Every structure is written in C-alpha cells, then in structure tokens.
Undergrad: 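Input: one structure, supplied below.
One is the number of the first residue; the rest follow in order along the sequence. Hydrogens, waters and symmetry mates play no part in the numbers below; they use all other heavy atoms, side chains included. Not measured: the values here are computed from a predicted model.
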Amino acid sequence: MGNIIEELYYGNLRPEENIVPKDSEYRSIHKEITAYIEKFQKKLSEDDFKQLEVLFDMMDQVHSIHSKEAFASGFKIGTLIMIESGFTS
C-alpha cells in the first residue's frame with residue numbers, strides 16, 4: 001500500500017474485505033448458522049426458502065449499516081484521543 005491518503009481517495013482502502021475473525025467462537029457460530037440454513041433449505045419449499053434468503057439479505061444490510069456507524073464512531077473517538085493527547089502536557 002502506498003500513500004494512505006491516496007489509497008483512501010482511489011477507493012483502494014477496504015479493510016472489511018480483509019477481516020477474517022480469528023475468534024474460535026465466531027467460527028463455531030458460523031458453522032452452526034450454515035448448518036441451520038442447510039436444514040431450512042431442505043425443509044422449506046423453494047419459494048419459502050427464497051423468502052428466507054430475502055430476510056437474511058435485509059438482516060445483512062442492517063448489520064452492514066450498524067458496522068459502518070460503529071466504525072465511524074470508533075474512528076472519531078480515536079481521532080479525538082490523538083488530538084487530545086497531542087495538546088496536553
């Protein structure tokens with residue numbers, strides 16, 4: 001990565017694409033979710049499962065919006081900490 005400001009400007013800075021949680025609980029829960037989805041896919045009609053996928057997509061959108069807001073808030077707090085620590089004696 002070159003100059004971080006240029007990378008940000010050109011849209012090359014996408015940390016969310018590189019984040020892979022290392023927490024074992026995350027992986028365990030993710031496997032459970034996958035198993036449940038596969039169960040529902042077998043039990044539900046094709047139309048019902050498509051409706052469930054629409055619900056999942058909406059939930060992903062809400063989660064994405066929340067993550068964006070949490071990131072922005074954390075970034076602002078971090079910036080304020082940097083500013084404050086630079087001006088205190």
Undergrad: Checking Lys50 now: which residues fulfil side chain to side chain contact (heavy atoms under 4.5 Å, CB included) with it, not counting sequence neighbours?
TA: Glu46, Glu53
Undergrad: Are Met58 and Ile37 grouped together when hydrophobic residues (ILVMFWY) are joined by side-chain heavy atoms under 4.5 angstrom apart?
TA: yes
Undergrad: When rounded to the nearest 0.5 angstrom, what is the spacing between CG in Leu55 and CG in Asp60?
TA: 9.5 Å
Undergrad: How long is the straight-line distance from CG of Leu80 back to OG of Ser85, given to the nearest 0.5 Å?
TA: 10.5 Å
Undergrad: Output the distance between atom NE2 (His63) and atom NE2 (His66), rounded to the nearest 0.5 Å.
TA: 8.0 Å
Undergrad: Does the side chain of Lys76 come within less than 4.5 Å of Thr79's, by heavy atoms?
TA: no
Undergrad: Please check if any side-chain donor atom of Asp47 sits under 3.5 Å from a side-chain acceptor atom of Gln51, or the reverse.
TA: yes
Undergrad: Less than 4.5 Å apart, any side-chain heavy atom of Phe56 and any of Ile33?
TA: no
Undergrad: May I ask you to establish whether Lys39 and Tyr36 are in a cation-pi arrangement, using a distance under 6.0 Å from NZ or CZ to the six-membered ring centre and at most 45° from the ring axis?
TA: yes
Undergrad: In terms of hydrophobic clustering (I, L, V, M, F, W, Y; side-chain heavy atoms under 4.5 Å; direct or indirect links), are Leu13 and Phe75 co-clustered?
TA: no
Undergrad: Quick one: side chain to side chain donor-acceptor pair (under 3.5 Å) pairs with a partner in residues 20-31, sequence neighbours left out?
TA: none
Undergrad: Check for me, please, whether Met59 and Phe49 land in the same ILVMFWY cluster - side-chain distances under 4.5 Å, paths through other members count.
TA: yes
Undergrad: Is there side-chain contact between Phe40 and Asp48, with heavy atoms separated by less than 4.5 Å?
TA: no
